[in-house]
Amino acid sequence: MFYLYCKQDRQRVRERQRDREPPKPCPQYLHGTSRSLPTKISLSPLSWRPSLHSRAIFPRCQKPRTLIVVATILKAKPTVLVAEKLGDAGIQLLKAFANVDCSYNLSPEELCTKISLCDALIVRSGTKVTREVFESSGGRVKVVGRAGVGIDNVDLPAATEQGCLLVNAPTANTIAAAEHGIALLTAMARNVAQADASVKAGKWQRNKYVGVSVVGKTLAVMGFGKVGSEVARRAMGLGMHVIAHDHYAPAGRARAIGVELVTFEEALLTADFICMHMPLTPATSKMFNDDAFSRMKRGARIVNVARGGVIDEEALLRALDSGIVAQAALDVFREEPPPKESKLVQHETVTVTPHLGASTTEASVYAWPSILASVLLLHHITISNFKLFLYILSIWIMMVQSELAPFVALTEKLGRLAVQLVAGGSGLKFVKVTYASARVNADFTAKKRGLNLTEERIVLDGSPENPLEFIQVQIANVESKFAGAISDSGEITVEGGVKDGKPHLTKVGSFGVCVSLEGSLILCRQIDQPGMIGRVGSILGEELHPGNKL
Ligand SMILES: O=C(O)[C@H](O)COP(=O)(O)O
């Protein structure tokens, strides 16, 4: 049996809105068979928005631009634990598909107990989904739906080990977070929160709360992804000069918005205002530390609506006390909620909010399609003829971004080539992958196979057009059946890049080459003498078409 919501629902949706009926799937679609599914329907990230059906429930959300279809083969209803408060309308919709247990503010122990009875878990950023949680589920929980962007509160390796998918809602909060960033920036510049508290305390201190203007000031956007770009657009509307720092941001997108991509150093040196919009990863953890503050333009102002962990909070306190940083506006903290006696929170020049970046009525609506999708995944969706783009972050991470697609192919081909160069029986123990950017989490699979995998990132300055300049794969402590593949440092080395959107091999051992990695590839070494290439071509031609002399 499947549920199908599509354009034809429009009339029923209107009727239901008018009659205020509770939302429910249209009966005429309840008993279809997979054969009655239309064949020419595609799902794209753009259409992955509130459907016409959900519009009935969320009448104020934007008009869907594209027909949206959700189809699934249904088995028994799964049990879904919703561990943090989300919009009621979405919960009602979820109840059409699942037994829903809304239990908020669970202690870690309570969560571990409940999880063993659930097939899916839905959380925001406040619930720590730890290894213990996954282990307590005994393999039952198959999907964790993160109703938001950040996934740093979920133990991704533990999820992967337990065969559990992690699905987030990467675009749901974009506008909400960007608007909150701008709200904090302007409120900070004009001492809104401090002045408000002062008036409410019966004071009238007009001289004390003289602010600074933002027009003509330089704003450095740290992390130029979806939220960073939206902040940049809005700040430009306020008359600010906007620069951005992000190793992975496509230069073309920045140019199109009118933003200059700069180095970290340049951002620190020149910015009057700095706002954070990067995820918390090992690379960004405490990116703003004593060293970074010491290189900052004196009197800079900082806004953080990303994650508390990107700033070393003790270092920020020192920078505020010494006047290097004039003001800070913080929506996020290393520990949430922060301790009551936190000197940072209580600091006169600091404006704080309790992680409200995504907290708008609209954002909670936009998160639901992804969450519902995560529950539908429990039913092993069978959608032939449908392209399903979901943000599935574990098992094999596939960020569906066309600019990265050739690099995924390149990585696979380089890996295959390197392994084929190993002489039989010499075993594979040490592999090193070098790249200038990384979005693929391969280490878990490598560990399972007993491989010692080292990754090296080479961070490039400037704004490369390519998201990655090159990827290099090295296999150490093995012999090769192709002596030329051994580099000067003694490892089998292959290197490649993407040219004109296609994966290319650029190095084998210490030989520079330029070979497209499409189709089959034969590596052979030859003595440089006339007629060799023709001879090899004839042998191959003879093998392909026996009897036909080329
Ligand atoms: O990562 C996010 O999406 C934001 O930080 C919001 O988190 P929240 O869902 O806990 O509000």
Side-chain angles (χ1 to χ4, degrees), residues 45 48-49 80-91 94 102-106 108 111 120-130 133 143-156 159 166-185 221-231 275-281 284-285 287 303-311 313 329-338 352-374 390-394 399:
W48 199 251
R49 285 168 185 271
V80 180
L81 173 60
V82 180
E84 283 180 77
K85 186 104 180 78
L86 290 159
D88 282 342
I91 299 279
L94 188 59
C102 295
S103 296
Y104 311 134
N105 304 318
L106 294 173
L111 179 59
L121 170 65
I122 293 175
V123 295
R124 295 180 63 172
S125 64
T127 306
K128 301 269 174 275
V129 192
T130 58
V133 174
V143 178
V144 172
R146 166 68 179 98
V149 187
I151 52 162
D152 45 290
N153 55 321
V154 182
D155 187 328
L156 189 55
L166 172 58
V167 181
N168 72 345
T171 54
N173 302 336
T174 305
I175 300 301
E179 287 177 351
H180 197 58
I182 293 291
L184 284 181
L185 185 142
V221 176
M222 313 302 289
F224 197 63
K226 291 189 263 310
V227 180
S229 313
E230 291 300 330
V231 166
C275 57
M276 322 281 169
H277 299 291
M278 65 287 233
L280 178 61
T281 66
T284 61
S285 173
M287 196 170 170
V303 179
N304 189 3
V305 289
R307 282 294 179 268
V310 303
I311 296 179
E313 293 180 346
L330 310 172
D331 182 48
V332 283
F333 304 87
R334 185 184 56 210
E335 187 189 330
E336 292 185 0
V352 287
T353 49
H355 201 144
L356 293 181
S359 298
T360 63
T361 315
E362 293 80 0
S364 66
V365 169
Y366 296 150
W368 271 108
S370 298
I371 297 167
L372 276 177
S374 68
L390 284 178
Y391 294 89
I392 298 170
L393 298 161
S394 57
M399 293 295 283

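These numbers were taken from a predicted model, which means no experiment stands behind them. Numbering of ligands and ligand atoms starts at 1, following listing order. Below, all heavy atoms of this structure are taken into account, side chains as well, without hydrogens, waters or symmetry copies.
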Check Gly87 against Ser364 and note the closest heavy-atom contact, atom names and distance.
N-CB, 4.5 Å
Can a non-hydrogen atom of Glu84 be found less than 4.0 Å from any atom of ligand 1?
no
Using the side-chain contact (heavy atoms from CB on, under 4.5 Å) definition, which of the options Ile122, Val167, Leu121 pairs with Val143?
Val167
Val149, portion touching ligand 1 at heavy-atom distance under 4.0 Å
both
Considering heavy atoms of the protein only, find what lies nearest to atom 4 (C) of ligand 1 and give residue, atom and distance to 0.1 Å.
His355 NE2, 3.7 Å
So, for Val149 and Asn168, which heavy atoms are closest and what is the spacing to 0.1 Å?
O-ND2, 3.0 Å
How far is atom 9 (O) of ligand 1 from its nearest protein heavy atom, and which residue and atom is that?
Arg124 NE, 3.0 Å
Distance under 4.0 Å to a non-hydrogen atom of Gly148: what atoms of ligand 1 satisfy this?
3 (O)
Quick check: closest heavy atoms across Cys275 and Val231, and the distance to 0.1 Å?
SG-CG1, 3.9 Å
Asn153 and Gly126 have their tightest heavy-atom pair at ND2-N, 4.4 Å
Interfacing atoms of ligand 1 (cut-off 4.0 Å, heavy-atom, Arg307):
1 (O), 2 (C), 5 (O)
Look only at interatomic distance and state if Gly150 has a nitrogen or oxygen under 3.5 Å from any nitrogen or oxygen of ligand 1.
yes
Determine whether the side chain, the backbone, both or neither of Lys85 has a heavy atom under 4.0 Å from any heavy atom of ligand 1.
neither
Heavy atom of the protein closest to atom 7 (O) of ligand 1 (residue, atom name, distance):
Arg146 NH2, 3.2 Å
Numbering the atoms of ligand 1 from 1, which are under 4.0 Å from a heavy atom of Ala358?
6 (C), 11 (O)
Which residue in the set Asn304, Thr353, Leu330 passes side-chain contact (heavy atoms from CB on, under 4.5 Å) when paired with Leu184?
Thr353
Taking all atoms of both residues into account, what is the closest heavy-atom pair of Ser103 and Leu81, and its distance?
CB-CD1, 4.0 Å
Among Ala147, Pro170, Ser359, Ser125, which one has a heavy atom closest to atom 10 (O) of ligand 1?
Ser125
Shortest non-hydrogen pair, Asn173 vs Gly148, comes out as ND2-CA, 3.4 Å
